[in-house]
Amino acid sequence: MMFRQHIFPAALLAAAFLGGWEGYVAFTGVSPLVLPAPSDVLRGLRVEQGDIARHAFATIKVAAIGFGLSVAFAFTVSIALHFAGWLRRGMMPLLIASQTVPIVAIAPLMVLWFGFGLLPKVLLVILVTFFPMVVSLMAGYATLPRAFHDQLVSMGAGRWQVFRRATLPSARGHFFSGLRISATYAIVATIFAEYAGARQGLGIYILTAKNNFRADLVLSAVTVSALLTLTLLALIQLVDRATGRRYRRASHA
């Protein structure tokens with residue numbers, strides 16, 4: 001059912017797009033230096049698979065650390081904001097302002113401040129992926145019906161008990177929505193951080209290929225980046241389904 005409803009239409013559209021792209025390059029005779037055909041991109045990916053895999057592993061490492069810390073940090077901050085109204089009123093404008101900072105400006109500064117190691121890249125991933133999850137969690141906490149909240153309080157439940165037994169479960173859907181949005185940014189933010197300054201990673205590989213006028217290798221690395229993001233989204237979908245079944249059983253118990 002999932003293959004017929006989701007995977008097959010996406011695969012069909014992707015095949016049509018790639019076929020049109022291949023045909024356009026063959027028909028117009030445009031230089032591969034400007035626009036390589038998909039077959040050239042796949043050939044470059046096959047020839048450079050060892051080098052690309054080494055750089056991709058470095059990117060995965062940074063993205064995993066940064067995204068994991070971002071999820072933990074967002075979860076902790078959202079709970080603090082939920083319980084402390086004065087903190088929420090003070091921090092939300094600052095969090096919104098943090099999203100107006102151009103990444104293209106802050107990334108080189110982070111490299112300047114913290115060097116070419118792991119820290120500036122992890123901080124940049126956290127900066128990009130933190131906000132969507134906090135906002136989604138806060139929106140999820142607000143979905144608990146007031147009548148249900150009042151009923152629990154009338155039964156003697158404290159603020160923490162109401163949060164743990166009702167407010168937190170009600171935010172489950174919003175949490176996974178925020179997680180999917182942030183996941184789409186995690187790999188891209190990592191590559192941009194590497195692009196600004198690093199020793200390894202897909203960002204460095206793309207920069208080197210661009211300087212060598214190898215558009216096919218640039219697109220090969222972009223293809224790997226897209227596959228990494230899709231893999232991350234698929235993992236989140238699996239976790240959502242697995243925990244969703246347990247959540248529904250607990251709700252009906």
Side-chain angles (χ1 to χ4, degrees), residues 1-30 32 34-53 55-57 59-61 63-64 66-68 70-71 125 128-129 132-133 135-136 139-140 143 171-192 201-203 205-206 209 214-249 251-252:
M1 183 67 75
M2 182 178 177
F3 176 82
R4 191 174 62 185
Q5 289 187 348
H6 301 285
I7 298 178
F8 179 71
L12 190 64
L13 289 173
F17 173 73
L18 293 174
W21 178 0
E22 185 81 28
Y24 174 79
V25 172
F27 180 75
T28 59
V30 63
V34 178
L35 181 63
S39 56
D40 296 327
V41 176
L42 289 177
R43 191 179 303 112
L45 187 58
R46 189 177 65 251
V47 172
E48 291 280 317
Q49 57 182 321
D51 206 18
I52 292 177
H55 285 283
F57 181 76
T59 299
I60 292 171
K61 178 183 174 184
F67 191 51
S70 179
V71 172
V125 173
V128 173
T129 60
M133 281 187 292
V135 172
S136 297
T143 59
R172 184 183 177 283
H174 286 76
F175 169 70
F176 277 99
S177 296
L179 207 59
R180 290 188 187 90
I181 295 171
S182 296
T184 59
Y185 297 146
I187 299 295
V188 175
T190 305
I191 289 176
F192 194 85
L202 288 175
Y205 185 87
I206 291 172
R214 292 294 305 270
D216 57 335
L217 298 184
V218 171
L219 292 176
S220 295
V222 170
T223 302
V224 172
S225 165
L227 291 175
L228 291 179
T229 301
L230 290 174
T231 302
L232 183 56
L233 289 172
L235 289 174
I236 292 172
Q237 182 71 17
L238 286 176
V239 173
D240 187 8
R241 288 193 171 198
T243 57
R245 284 194 287 270
R246 181 182 298 178
Y247 171 71
R248 284 190 289 274
R249 283 198 298 269
S251 300
H252 294 153

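Small disclaimer: the values here were computed from a predicted structure and weren't measured.
- Within the 4.5 Å cutoff, side-chain heavy atoms of Leu35 are placed close to those of Trp21.
- Heavy-atom contacts from other residues, nucleotides or ligands closer than 6.0 Å to CZ of Phe176 number more than 12.
- Considering only residues two or more places apart in sequence or on other chains, Leu233 meets the side chain to side chain contact (heavy atoms under 4.5 Å, CB included) condition with Arg180, Ala183, Thr184, Thr229.
- Ile191 is not listed as a side-chain neighbour of Tyr205, based on a closest heavy-atom distance of 4.5 Å or more.
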Can Val71 and Phe175 be said to form a side chain to side chain contact (heavy atoms under 4.5 Å, CB included), step by step? CA-CA 10 Å; Val71 172; Phe175 169 70; 4.2 Å; yes
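- Counting only heavy atoms from C-beta outward, the side chains of Asp216 and Arg43 never approach each other to under 4.5 Å.
- Ala139 and His174 get closest at one heavy-atom pair: CB-CD2, 3.9 Å.
- Side-chain contact check for Arg172 versus Thr243: some heavy-atom pair is nearer than 4.5 Å.
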Would Leu202 and Leu228 satisfy side chain to side chain contact (heavy atoms under 4.5 Å, CB included), going step by step from the backbone distance to the final call? CA-CA 11 Å; Leu202 288 175; Leu228 291 179; 4.1 Å; yes
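- Atoms CG and CG, from Leu45 and Asp40 in turn, are 12.5 Å apart once rounded to the nearest 0.5 Å.
- Without hydrogens or angle criteria, Gln49 side chain to Arg46 main chain gives a donor-acceptor distance under 3.5 Å.
- Thr129 places no side-chain N or O within 3.5 Å of a backbone atom of Ser182 that could act as its donor or acceptor partner.
- Within the model, atoms CG of Leu179 and CG of Leu232 stand 7.5 Å from one another, a figure rounded to the nearest 0.5 Å.
- In terms of the side chain to side chain contact (heavy atoms under 4.5 Å, CB included) criterion, residue partners of Val41 (sequence neighbours excluded) are, by chain and number, Pro36, Leu219, Ser220, Thr223.
- Residues Leu217 and Ala209 approach most closely at CB-CB, 3.8 Å, considering heavy atoms.
- Panel note: side chain Ser136, backbone Pro132; a donor-acceptor pair is recorded below 3.5 Å.
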